[in-house]
Amino acid sequence: MSKHAATFITSATDLAGCPDSSLYEFALVGRSNVGKSSLINMLTKSKDLAKTSGVPGKTRLINYFLIQNRWHLVDLPGYGYAQISKSAREKFNVEVSDYLVNREQLKHVFCLVDSQHPPMESDLSFMAWMEEYQISYSAVLTKVDRVKANALKTRRENFIAAFEEYQLHPAKVFTTSAKSGTGSGPLFDFIQSKLPKAKKEKKSKRAKSPHVNFDWMKKK
Ligand code: GDP
């Protein structure tokens, strides 16, 4: 099976609506417009598995994708300036927080940040919140094709300095570009390293001795 094999499973509005499955889950989260849908499409080698859109805050559901028949990629709604009413946004954040804190199958969160901009307070405080709840997470710098190599090095260092300042400990800092395809390999390898080892299928006795002896049939 291709390492990119992906199927859309369902959209849940809250924790109670999440699938009844024991598969490990890896979630993507970030501000609207950070490039989350594009990254999902890159990871799944699909043009429109996740709908990309320029409208901030449009995706408001917890979207589930089954990858390689082995794990779930969970697309969480963009936080920040969602274009919905304040009360709706608060309710919404409560539901996403509930998922992040209480979903046992959730193994890791990839927090997307746009590499074009310096570290933002909202991203750092979201990571600090995850840290408080002992949620395992990494930072993913998106759209790196838009930043020159030298500037990217400095930007990465800025992020690392900000993480230190905020006492944040992301497991990794990834760099990705949905445009050039950069960074997909390391993300997949990381996820792979967190998955339970696939059990080797027991060879059946039949497979070991394919030549069945029918001599007994000849006996009278
Ligand atoms: P989302 O709101 O986080 O799902 O963001 P989208 O994936 O819809 O992307 C927002 C905008 O950024 C779109 O115009 C994308 O084409 C653009 N974009 C996303 N990823 C990249 C990238 O890696 N490189 C470049 N150059 N543009 C990107």
Side-chain angles (χ1 to χ4, degrees), residues 1-9 21 23-53 59 62-76 78 100 103 105-117 119 123 126-127 130 135-163 168-200:
M1 186 183 295
S2 150
K3 82 172 187 179
H4 303 278
T7 333
F8 171 73
I9 299 294
S21 159
L23 292 183
Y24 281 19
E25 294 175 12
F26 297 85
L28 296 185
V29 69
R31 291 165 66 86
S32 306
N33 227 29
V34 72
K36 187 159 52 72
S37 309
S38 306
L39 188 71
I40 293 173
N41 290 339
M42 170 181 103
L43 290 173
T44 57
K45 288 241 156 105
S46 138
K47 280 208 177 82
D48 57 1
L49 195 62
K51 302 261 180 294
T52 50
S53 121
T59 323
I62 305 174
N63 296 310
Y64 271 83
F65 303 94
L66 175 66
I67 314 289
Q68 303 162 306
N69 250 339
R70 279 188 74 193
W71 55 276
H72 280 135
L73 178 65
V74 180
D75 176 15
L76 293 177
L100 289 168
R103 181 72 170 166
Q105 295 88 327
L106 177 65
K107 297 300 165 198
H108 200 75
V109 177
F110 295 101
C111 184
L112 276 52
V113 290
D114 194 328
S115 67
Q116 295 174 108
H117 309 295
D123 292 325
F126 175 68
M127 290 182 205
M130 285 199 285
I135 298 166
S136 162
Y137 69 96
S138 288
V140 179
L141 274 61
T142 62
K143 308 187 191 180
V144 296
D145 59 283
R146 285 204 180 150
V147 186
K148 291 210 174 84
N150 269 346
L152 181 61
K153 191 170 170 280
T154 313
R155 181 58 40 83
R156 203 172 183 282
E157 286 163 4
N158 294 157
F159 270 99
I160 288 167
F163 295 154
L168 300 173
H169 309 89
K172 295 248 178 204
V173 179
F174 294 96
T175 44
T176 60
S177 162
K179 200 170 179 196
S180 71
T182 302
S184 144
L187 269 177
F188 265 107
D189 291 347
F190 179 82
I191 291 170
Q192 205 74 28
S193 75
K194 300 262 172 204
L195 290 176
K197 299 279 166 284
K199 280 187 199 139
K200 276 189 189 157

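All figures in this text were calculated on a predicted structure; none of them were measured in a lab.
The side chain to side chain donor-acceptor pair (under 3.5 Å) test applied to T44 returns no partner, not counting sequence neighbours. Not a single salt bridge (Lys or Arg N to Asp or Glu O under 4.0 Å) links K107 to another residue, sequence neighbours left out.
Judged by distance alone, the side chain of Y137 and the main-chain N or O of H169 form a donor-acceptor pair under 3.5 Å. With hydrogens and angles ignored, the 3.5 Å screen pairs no side-chain donor or acceptor of H108 with any backbone N or O of I191. One N or O on the side chain of Q105 and one on the backbone of S21 form a donor-acceptor pair closer than 3.5 Å. In this structure, S138 contributes its side chain and V173 its backbone to no donor-acceptor pair below 3.5 Å. Remark: the backbone N or O of L76 is paired with a side-chain donor or acceptor of K36 at under 3.5 angstrom.
Here the CZ atom belonging to F65 is positioned 13.0 Å from the CD atom belonging to E25, to the nearest 0.5 angstrom. Between the CD atom of E157 and the OG1 atom of T154 there is a distance of 5.5 Å, given to the nearest 0.5 Å. Taken from OG in S136 to CZ in F110, the straight-line distance is 8.5 Å, to the nearest 0.5 Å. For the atom pair OH of Y64 and CG of L73, the computed distance is 10.5 Å after rounding to the nearest 0.5 Å. With rounding to the nearest 0.5 Å, the separation of CZ in F159 from CG in L141 is 5.0 Å. Atom OG1 in T175 sits 6.0 Å away from atom CZ in R156 (nearest 0.5 Å).
Of all heavy-atom pairs between I135 and L100, the closest is CD1-O, 3.6 Å. The minimum heavy-atom distance between K143 and D114, with the atom names listed, is NZ-OD2, 3.6 Å. Considering every non-hydrogen atom in both M127 and C111, the closest pair reads CE-SG, 3.7 Å. Contact between G183 and P186 at its shortest, heavy atoms only, is O-CD, 3.5 Å. The shortest non-hydrogen separation linking P170 to A139 is CB-N, 4.0 Å.
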Practice item. Show your reasoning for whether side chain to side chain contact (heavy atoms under 4.5 Å, CB included) applies to L23 and L66. Key: CA-CA 9 Å; L23 292 183; L66 175 66; 3.4 Å; yes

Exercise for review: Walk me through it: do D75 and F8 pass the test side chain to side chain contact (heavy atoms under 4.5 Å, CB included)?
Suggested key: CA-CA 11 Å; D75 176 15; F8 171 73; over 6 Å; no

Practice item. Could you check K194 against F26 for side chain to side chain contact (heavy atoms under 4.5 Å, CB included), going step by step and ending with a plain yes or no? Key: CA-CA 10 Å; K194 300 262 172 204; F26 297 85; 3.8 Å; yes

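For F190 and F174, the distance between ring centers is under 6.0 angstrom.
With L43 as the partner, the side chain to side chain contact (heavy atoms under 4.5 Å, CB included) test is satisfied by one option alone out of L187, T176, I67: L187. For the side chain to side chain contact (heavy atoms under 4.5 Å, CB included) with T142, the qualifying choice from N33, L112, V113 is L112, the only one to do so. Tested against D145 for a side-chain hydrogen bond (donor to acceptor under 3.5 Å, both in side chains), the candidates S177, S115, S180 yield a single pass: S177.
In this structure the side chain of V147 reaches within 4.5 angstrom of the side chain of Q116, judged on heavy atoms. With a 4.5 Å cut-off on side-chain heavy atoms, Q192 and Q68 count as touching.
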